[in-house]
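Residue numbers count from 1 along this sequence. Atoms within each ligand, like the ligands themselves, are counted from 1 in listed order.
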Amino acid sequence: MNKNIAVIRGDGIGPEIVGQALRVLDKIAETFGHTFTYTDIDMGGNAIDKWGEPLPAAMLEKCLASDSVLLGAVGGPKWDSQPAANRPEKGLLALRGGMGLYSNNRPAKLWPQLAAASPLKPSIVENGIDFLVVRELIGGVYFGDHSTVEADGEKKATDIMAYAEHEIERIGRIGFETARKRRHKLTSVDKANVLDTSRLWRAVMHRLAEEYPDVEYSDMLVDNAAMQIVKDPSQFDVIVTENLFGDILSDEASMITGSIGMIPSSSLGEGSRGLYEPIHGSAPDIAGQNKANPIGTILSAAMMCRYSFDMPAEADAIEQAVHKALDAGLRTGDMMADGCRLVSCTEMGDAILSYL
Ligand code: NAD
């Protein structure tokens, strides 16, 4: 197959980790007889420096013309003083919106080799952690109107949270369909005891649940979900939730699995084109030092093969190679443990390539 991949190396550690993922993709192409063509895209802080804005229209066009997008990470202290409308993160929001990506999917999976890195007690971890958070990505409070006004001698800020039925229904369906491909269990998380958006969310989800009698469906309030994720994460298979709750819960879910550097994600909309990126940021504290863990980005490339390119054997091969590198005791600094060997970002890439 021939695939055109838009590559956003981004800022901070982005270029280092994306470099390793591209080496892996090249090896996959060679082994399985595919051709991957890469188109470099400026987005984030580097695009502000070069073009004065975080996502120039021409860059978005190139992403829309690609078969999928691979992203490292964007942002950093250099651009913290930018006005809110021109920050690197705005590029990311514009990319998700422009590509119509309304679903962000994050696996929270404990790699057995890294069980000791989980902050949870062994008695909880030994039950296994393997669930997936499906987060609505282009609606809710992040995309509502924001305003700050001066009134009665003080400032007052307002952020609008809004959801329409069709926005809930399309992400709800992704939740149910994903559960069908896994252990057939879906937990919908909301705050229906307080928020109108959540009451509408729940009504739409209940309507959908009737169409999926093979999926064991339940509702959970977001505050309870935050507790249950640390108390008994083994109860979850697929969690579906709105944008703000999903942002917070998916970060909590990733922390309990050990290293933030290990976790990939996909963002999907209509059609097969997706955006694939590790869940972490640009890690400015270790940028340029060849210390970053490239596995989250490498596993994102594996997800791209699986979900956008229909290449399950290629995805399996990448995941197995990662398993072997961990089995061999190789660790980057973020997940270093007693008895393991500390390796750099490029050495981890070398090892994974050697196991492919
Ligand atoms: P971060 O995820 O960049 O870093 C948090 C901590 O985790 C740091 O100590 C960092 O060194 C470590 N870390 C992260 N990824 C790692 C990896 N692959 N290997 C080893 N260690 C790793 O979060 P932050 O410090 O809050 O944010 C830094 C910048 O990244 C900010 O500008 C933020 O806006 C941006 N950000 C971007 C994205 C994105 O591009 N999707 C996501 C989150 C944050």
Side-chain angles (χ1 to χ4, degrees), residues 7-21 24 41-49 54-55 59 63 69-82 84 86-97 99 101 104-106 111 114 117 119 135 137-138 142 243 246-248 250-255 257-267 274-301 303 322 325-326 330-337 340 342-349 352:
V7 176
I8 304 174
R9 294 170 200 266
D11 309 313
I13 59 170
E16 300 166 54
I17 53 181
V18 169
Q20 299 311 309
V24 167
I41 305 291
D42 301 322
M43 200 269 277
N46 60 87
I48 294 172
D49 289 350
L55 182 65
M59 296 294 160
C63 292
V69 182
L70 182 68
L71 163 67
V74 296
K78 181 177 176 194
W79 302 281
D80 279 351
S81 56
Q82 287 285 326
N86 207 40
R87 291 175 62 94
E89 297 78 8
K90 282 283 174 193
L92 200 50
L93 295 182
L95 182 64
R96 289 170 179 163
M99 289 177 70
L101 305 173
N104 179 253
N105 313 300
R106 273 199 202 181
W111 292 72
L114 303 182
R135 164 188 168 194
L137 203 56
I138 55 174
Y142 293 178
N243 203 345
D247 190 3
I248 298 166
S250 56
D251 265 16
E252 184 191 15
S254 50
M255 264 324 290
T257 63
S259 171
I260 191 176
M262 292 288 300
I263 304 171
S265 75
S266 69
S267 302
L275 168 66
Y276 294 85
E277 55 178 319
I279 63 152
H280 56 74
S282 60
D285 51 331
I286 55 166
Q289 299 171 37
N290 197 18
K291 284 182 180 171
N293 184 350
I295 294 179
T297 318
I298 290 170
L299 292 174
S300 300
M303 284 184 92
V322 169
L326 295 176
L330 305 181
R331 302 283 188 274
T332 44
D334 54 305
M335 53 175 178
M336 186 55 190
C340 294
L342 182 66
V343 294
S344 65
C345 180
T346 44
E347 284 169 332
M348 183 58 89
I352 291 168

Subject >> contact_flag P284 ligand 1 heavy-atom lt 4.0 Å >> reply: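 Judged by the 4.0 Å heavy-atom criterion, P284 does count as contacting ligand 1.
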Given the protein's heavy atoms, is any one of them under 4.0 Å from [atom]?
atom	value
atom 34 (O) of ligand 1	yes
atom 27 (O) of ligand 1	no
atom 6 (C) of ligand 1	no

Could you see which bit of [X] sits under 4.0 Å from ligand 1, with heavy atoms only: side chain, backbone, both or neither?
X	answer
E89	side chain
V74	both
I17	neither
T332	neither

Please list, in number order, the atoms of ligand 1 under 4.0 Å from a heavy atom of [X].
X	value
G75	32 (O)
E277	41 (N)
A73	40 (O)
A292	19 (N)

[atom]: which protein heavy atom is closest, and how many Å away?
atom	answer
atom 19 (N) of ligand 1	N293 N, 2.8 Å
atom 31 (C) of ligand 1	G76 N, 4.2 Å
atom 21 (N) of ligand 1	I286 CD1, 3.6 Å
atom 29 (C) of ligand 1	S282 OG, 3.2 Å
atom 15 (N) of ligand 1	H280 CG, 3.1 Å
atom 39 (C) of ligand 1	L92 CD2, 3.8 Å

[Y] side chain reached by [X] side chain, heavy atoms, under 4.5 Å:
X	Y	value
E277	V69	no
I295	T332	no
I286	D334	no
T346	Q20	yes
T257	L114	no

Any donor-acceptor N/O pair, [X] side chain to [Y] backbone, under 3.5 Å:
X	Y	result
E16	G288	yes
S266	Y276	no
R331	V343	no
R135	N243	yes
T297	G72	no

Subject >> Test side chain to side chain donor-acceptor pair (under 3.5 Å) applied to W79 and N86, step by step >> reply: CA-CA 9 Å; W79 302 281; N86 207 40; over 6 Å; no
So between [options], whose heavy atom ends up nearest [atom]?
atom	options	value
atom 42 (C) of ligand 1	G281, G45, G12	G281
atom 11 (O) of ligand 1	I260, D285, D334	D285
atom 13 (N) of ligand 1	G261, A283, P88	A283

Original post:
Could K78 and D11 be called an ion pair, given the rule that one side-chain N must be under 4.0 Å from one carboxylate O?
Top reply: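 No, this pair does not count.
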**OP:** Could you walk me through whether D251 and R106 pass the side chain to side chain contact (heavy atoms under 4.5 Å, CB included) test, one step at a time?
**Re:** CA-CA 9 Å; D251 265 16; R106 273 199 202 181; 3.1 Å; yes
